[in-house]
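Before any comments, here is the structure.
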Amino acid sequence: MGFSVPKETPPQTMPSLQTALPPELADNLYRECLRRAKYIGHQQNNTSLLVDMVRQQFRRNKHETDPEKIQKLKDDAARGLINHMLYESEKMSGRKFSQKN
């Protein structure tokens with residue numbers, strides 16, 4: 001009897017966080033990040049500071065060519081949007097979505 005060696009499967013890549021966003025938000029992360037910055041800034045009276053921070057982040061990375069780094073930057077932006085949407089949903093519903101151990 002012979003033994004068969006199972007073939008190794010290539011490592012699975014993590015799905016992009018952008019897939020967790022509705023398509024209309026994922027299509028233009030920059031615009032949506034600016035909208036959220038203006039919304040939060042209006043509530044906290046620091047709109048120009050937050051908008052400038054978002055613009056600086058995008059400008060700082062506009063010449064990035066490494067696809068992996070670009071995807072990480074997009075995922076970071078998507079994560080920020082998702083976190084803010086969860087926060088606003090929790091505030092409106094009074095229900096806690098995140099679990100703390």
Worksheet item: Is Phe58 reachable from Leu34 through a run of hydrophobic residues whose side-chain heavy atoms are each under 4.5 Å from the next?
Response: yes
Between atom [atom1] of [X] and atom [atom2] of [Y], what is the distance when rounded to the nearest 0.5 Å?
X: Asp52; Y: Arg59; atom1: CG; atom2: CZ; answer: 7.5 Å
X: His84; Y: Lys91; atom1: NE2; atom2: NZ; answer: 7.0 Å
X: Gln71; Y: Leu73; atom1: CD; atom2: CG; answer: 9.5 Å

Where [X] and [Y] come nearest, the two heavy atoms and their spacing:
X: Cys33; Y: Val54; result: CB-CG1, 3.8 Å
X: Glu64; Y: Asp66; result: OE2-N, 3.2 Å
X: Ala77; Y: Leu29; result: CB-CD1, 4.2 Å

Practice prompt. Considering only NZ, NE, NH1 and NH2 on the basic side and carboxylate oxygens on the acidic side, decide whether Arg79 and Asp75 come within less than 4.0 Å.
Written response: no
Worksheet item: Taking NZ, NE, NH1 and NH2 as the nitrogens, is one of them in Arg36 or Glu32 under 4.0 Å from a carboxylate oxygen of the other?
Response: yes
Item to complete: Decide yes or no for Asn83 and Tyr87: does some side-chain heavy atom of the first lie under 4.5 Å from some side-chain heavy atom of the second?
Response: no
Donor-acceptor contacts under 3.5 Å from residues 39-48 side chains, at least two apart:
| residue | atom | partner | partner atom | Å |
| --- | --- | --- | --- | --- |
| Tyr39 | OH | Gln43 | NE2 | 3.1 |
| Tyr39 | OH | Glu88 | OE1 | 3.2 |
| Thr47 | OG1 | Gly41 | O | 3.3 |
| Thr47 | OG1 | His42 | N | 3.1 |

